[in-house]
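Keep in mind it's a predicted model, so treat the numbers as computed, not measured. FYI, the numbering just counts along the sequence from 1. Computed over heavy atoms, backbone and side chain alike; hydrogens, waters and symmetry mates excluded.
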Amino acid sequence: MSYFPVIGLEIHCQLATKTKMFCGCEIEVNTEPNKRVCPGCLGLPGSLPVPNKEAVNLAIKLGLALNCEIETMALWTRKNYFYPDLPAGYQVTQIGAIPAHDRPICKNGYIEIINANGEKKRIGITRIHMEEDAGKLVHDFSPESSHFDANRCGTPLCEIVTEPDIRSPEEAALVLQKIKQILEYTGASNANMENGNMRCDGNVSIRKSEDAPFGTRTEIKNLNSFSNLQKALEAEIALQAVSLDSGKELEQCTKRYDINQNKTIVIRSKEDKLDYKYFPDPNLLRLAIDKSLVDSIRENLPELPDARRSRFENDFGLNAYDAQVLTADKKISDWFDLASKNCKNPKLLANWVTSELMRELKEMENGISALKFKPEDLSQMVNLIENNTISGKIGKTVFAEMLATGKDPDTIIKEKGLVQITDTAEIEAIVRKAIEANQSQWQEFKSGKAQLRGFFVGQIMKNSGGKANPGVVNRLLDEMA
Ligand code: ADP
Ligand code: MG
Ligand code: ZN
C-alpha cells in the first residue's frame, strides 16, 4: 500500500551574538573547558539574569525574514528538569503550559520554496522561540568518569517550528536549506550544521490519502545535515508503512537516526514524556518589544535570498537555475556580486563561477575566504576574454595561475606571454604551416570534407600555443580553401 507523508520540522540554531543569553560571558568555541562561566550561567542562587539585547534583535530580524508577526510582550518561562549538563535545574525558554504563558517572540510566518516540479510552495512557520543552551558532558576524556564543560551554558538559541505543511523528505531538505540560507543572509546565526550550531528534528506521519486526517507522528531528534534529514525521514516513513500494512497502530514516540544501520530507533515513547512544569520565570520581566524597534529592524533588513535571486535573473540575464546556484551560499553569492560590479559580461562571469570556481571550492577546506585572488581579478579576466585579449581556453590557464599564486590576470598574461594573436599575417603563417604538414587532409577539406575543419583548427591552435584567435583562424581556412 502506498502512503502520503506529512512532515513538520523543528530547527534549533545558535544566535550569532558575542555574549551569552542572560550574562556577559563571551561565547568562544575553542577555549579551555569551564573558562567562560560566571555565577549567572552556572545557575548559582542569587544571580540575576539580564536578557541580551543583541540576541533579541537577531531573533526579531530572523522573524521578519521569515514573514512572522513579532510579539509585543514576549514571556520568559522555565522548563524544569534534572540533567548533569544543566546546573540551574531549568532552562529559560518561551514555551507556555497554558496559552496565556505561551508568548514566543515570533509566530505565524512562512517561507517559500521551489519544489522538484519547479512549483513555488509556501511552508508555514508556526513560531520562533528563544531559549538558552545547556552545557556539555564529556565522556571520552577519561575511562572512569564523565566530565562537565559549562562553557556552552546560557548560549542563546532560537527554535524555529514549521507547520506540518511538508509532503516529502526531499521537500523537508529544501525547507531546511532555505531556512539555513535565511539564517546566513540575515546573519542571525552562523548556521553551521557540522559543528552543531544548527540542528533539526523531523516530525513525520503517514496517511492513506492526501485528504485523510493526519496520522500518528514520530519525532526524530538531532539531524545534522540535509541528507541525514532526508534519509532519516525516508527510513521512518518506510517503517511506519510496514507497521500500518501489518495492521498495527502506530505509537507516538521520539527517535534517533542511526546512520550506519540507516534506521530510526526509539529513544522514548509518549508515555515517558517528561512533564517540565513550565512556569513564567520570576526573575525575568516580560519582554516588551516596541513597534519602533521592529520597524527599524525591518528597514535595515539585508537583501534576502529570493530577492537576490530575482535580481541576478533580471540584471544579469541568468536563468533560474544559475541564479539559484549563485545565491545558495551567502559567501559565494556576495563574492559573485562584488565580481559582477565591473564586469562587461556577468553571464560569462556566472559561468566561470558556477563551473570552474565552484569545482575548486569543493576541494578547498576554508571555502571562498581562502581564495588567493580577489573578485575583481576574475571580473578582469572575463573582460579580457570578452575583448579578445585572451581566448576562453587561455582563460583556463590564467585561472589556474590565479588560483595558485593570487596574481592578477594582467600580470599573468604579461609574464607568460599569453596575449591572443589577432594579427592576421602572423596567424596566416601558422595556418600555412599546418596545411603544408597535412597536404592530403587539406585536399580532402578543399573538396568538401567539412569534418576536417576541426582537425585543422586543432593543429593551428596547438602550434600557436592556444593563442591564435579562433575567429581569424576559421576565416583564413575559408578564404584559403
Ligand atoms: P510538540 O510540542 O509535542 O513538539 P508541536 O505541536 O509543537 O508538538 O509539533 C511539533 C512539530 O510536529 C511541528 O513541526 C509540527 O508541524 C509537526 N507535526 C504536528 N503534527 C504532525 C503530524 N501529524 N505529522 C507530522 N508532523 C506533525
Ligand atoms: Mg517539539
Ligand atoms: Zn556567564
Practice task
Determine yes or no for a side-chain-to-main-chain donor-acceptor pair under 3.5 angstrom, with R308 supplying the side chain and R311 the backbone.
Solution key: no
Fill in the blank from the handout: Here the pair of heavy atoms bringing V398 nearest to I412 is O-CD1, 3.8 Å
Exercise for the section: Could you grab the distance from atom CD1 of I265 to atom OH of Y257, nearest 0.5 Å is fine? Expected result: 10.0 Å
Practice task
Apply side chain to side chain contact (heavy atoms under 4.5 Å, CB included) to E32 and list each qualifying residue two or more places apart in sequence or on a separate chain.
Solution key: K35
Practice task
Please check if the side chain of N228 supplies one atom and the backbone of L223 the other of a donor-acceptor pair under 3.5 Å.
Solution key: no
Completion exercise
Sorted by chain and residue number, the side chain to side chain contact (heavy atoms under 4.5 Å, CB included) partners of D275 (sequence neighbours excluded) come out as K277
Exercise for the section: Go through K263 and D258 one step at a time and tell me if the salt bridge (charged side-chain N to carboxylate O under 4.0 Å, His left out) criterion holds. Expected result: CA-CA 5 Å; K263 230 178 109 183; D258 185 304; over 6 Å; no
Handout entry: Heavy-atom side-chain contact between L229 and L9 under 4.5 Å
Key = yes
Exercise for the section: Measure the CZ-CG distance between F373 and L403 for me, rounded to the nearest 0.5 Å. Expected result: 5.0 Å
Practice task
Output all residues satisfying side chain to side chain donor-acceptor pair (under 3.5 Å) with R103, sequence neighbours left out; order by chain, then residue number.
Solution key: E71
Exercise for the section: Check whether any side-chain N or O of E131 sits under 3.5 Å from a backbone N or O of E159 as a donor-acceptor pair, and report yes or no. Expected result: no
Handout entry: Under 3.5 Å donor-acceptor, T162 side chain and G124 backbone
Key = no
Practice task
Could you tell me whether the side chain of D290 and the main chain of S292 form a donor-acceptor pair under 3.5 Å?
Solution key: no
Exercise for the section: Output all residues satisfying side chain to side chain donor-acceptor pair (under 3.5 Å) with R127, sequence neighbours left out; order by chain, then residue number. Expected result: D102, H129
Completion exercise
For A191 and N197, the nearest pair of non-hydrogen atoms, with its separation, is N-OD1, 3.4 Å
Exercise for the section: Could you note down all residue pairs passing ring-ring contact (aromatic ring centres under 6.0 Å, His included) where residues 290-329 supplies at least one of them, sequence neighbours left out? Expected result: F312-F316, F312-F336, F316-F336
Handout entry: Pair listing, side-chain hydrogen bond (donor to acceptor under 3.5 Å, both in side chains) test, anchored in residues 341-355, at least two apart
Key = N345-E386
Exercise for the section: Would you give the length of the straight line joining atom OG of S296 to atom NZ of K291, rounded to the nearest 0.5 angstrom? Expected result: 11.0 Å
Handout entry: Sidechain-backbone polar pair: T327 side chain, P305 backbone, donor-acceptor under 3.5 Å
Key = no
Practice task
Decide yes or no on side-chain contact (heavy atoms from CB on, under 4.5 Å) for L15 and M130, but give the supporting numbers first.
Solution key: CA-CA 9 Å; L15 290 167; M130 303 183 69; 4.0 Å; yes
Handout entry: T155 and Q14 side chains, donor-acceptor separation under 3.5 Å
Key = no
Handout entry: Carboxylate-amine/guanidinium proximity below 4.0 Å for D149 and K136
Key = no
Practice task
State plainly whether the residues K396 and E356 are in salt-bridge range, i.e. N to O under 4.0 Å.
Solution key: yes
Handout entry: Worked verdict on I7 versus E171 for side-chain contact (heavy atoms from CB on, under 4.5 Å)
Key = CA-CA 9 Å; I7 298 166; E171 214 169 88; over 6 Å; no
Exercise for the section: Determine whether S340 and L349 make a side-chain contact, defined as any pair of heavy atoms from C-beta on separated by less than 4.5 Å. Expected result: yes
Problem - Backbone N/O of E401 and side chain of K407: donor-acceptor pair under 3.5 Å - result: no
Practice task
Considering non-hydrogen atoms only, spot the tightest contact between I128 and C68 and give its length.
Solution key: CD1-SG, 4.1 Å
Practice task
Scan side-chain atoms only and decide if H12 and N222 contain a donor-acceptor pair under the 3.5 Å cut-off.
Solution key: no
Handout entry: Salt-bridge contact D337-K330 (side-chain N to carboxylate O under 4.0 Å)
Key = no
Practice task
Could you tell me which non-hydrogen atom of R152 sits nearest to which non-hydrogen atom of A134, and how far apart they are?
Solution key: NE-O, 3.1 Å
Practice task
With rounding to the nearest 0.5 Å, note down the distance linking CD1 in I11 to SG in C158.
Solution key: 11.5 Å
Exercise for the section: Keeping to residues at least two apart or across chains, list the ring-ring contact (aromatic ring centres under 6.0 Å, His included) pairs with something in residues 71-123. Expected result: F22-W76, Y81-Y276
Practice task
Using atom types as modelled and distance alone, determine if a side-chain donor or acceptor of Q252 lies under 3.5 Å from a backbone N or O of T216.
Solution key: no
Handout entry: R309/D306 salt bridge by N-O under 4.0 Å criterion
Key = yes
Problem - ring-ring contact (aromatic ring centres under 6.0 Å, His included) contacts in which one or both residues fall within residues 146-192, not counting sequence neighbours - result: F141-H147
Exercise for the section: Quick one: which residue pairs count as a side-chain hydrogen bond (donor to acceptor under 3.5 Å, both in side chains) with a foot in residues 361-383, not counting sequence neighbours? Expected result: Q380-D410
Handout entry: Residues Q177 and Q181: side-chain donor-acceptor under 3.5 angstrom
Key = no
Practice task
Apply side-chain contact (heavy atoms from CB on, under 4.5 Å) to V6 and R167, showing your working.
Solution key: CA-CA 5 Å; V6 170; R167 293 291 173 266; 3.7 Å; yes
Completion exercise
Sequence neighbours excluded, the answer for side chain to side chain donor-acceptor pair (under 3.5 Å) partners of K79 is none
Handout entry: Pair listing, salt bridge (Lys or Arg N to Asp or Glu O under 4.0 Å) test, anchored in residues 314-328, at least two apart
Key = none
Exercise for the section: Please check if the side chain of Q91 supplies one atom and the backbone of E132 the other of a donor-acceptor pair under 3.5 Å. Expected result: yes
Practice task
For side-chain contact (heavy atoms from CB on, under 4.5 Å), just list the numbers for Q230 and E170, CA-CA rounded to whole Å, side-chain angles, deciding distance to a tenth of an Å, and then say yes or no.
Solution key: CA-CA 6 Å; Q230 189 170 331; E170 306 86 74; 3.6 Å; yes
Handout entry: Under 3.5 Å: donor-acceptor pair, side chain of T254, backbone of E219
Key = no
Exercise for the section: For atom CD of E251, decide whether the heavy atoms of other residues, nucleotides or ligands shown that lie under 6.0 angstrom number more than 12. Expected result: no
Fill in the blank from the handout: Here the pair of heavy atoms bringing G187 nearest to A16 is O-CB, 3.7 Å
Handout entry: Close side-chain approach of L62 and S189, heavy atoms under 4.5 Å
Key = no
Handout entry: Y278 versus N80, side-chain donor and acceptor atoms under 3.5 Å
Key = no
Practice task
Can you measure from NZ (K180) to CG (N190) and round to the nearest 0.5 angstrom?
Solution key: 9.0 Å
Exercise for the section: Look up atom CG in N67 and atom CD1 in I125, then write down how far apart they are to the nearest 0.5 Å. Expected result: 8.5 Å
Handout entry: Partner set under side chain to side chain donor-acceptor pair (under 3.5 Å) for Q324, not counting sequence neighbours
Key = none
Problem - Atom CG of N30: over 12 foreign heavy atoms under 6.0 Å - result: no
Practice task
Of all the heavy-atom pairs spanning N52 and T19, show the shortest one and how long it is.
Solution key: ND2-O, 3.1 Å
Exercise for the section: Give me the one residue out of K255, R256, K221 that meets side-chain hydrogen bond (donor to acceptor under 3.5 Å, both in side chains) with T264. Expected result: K255
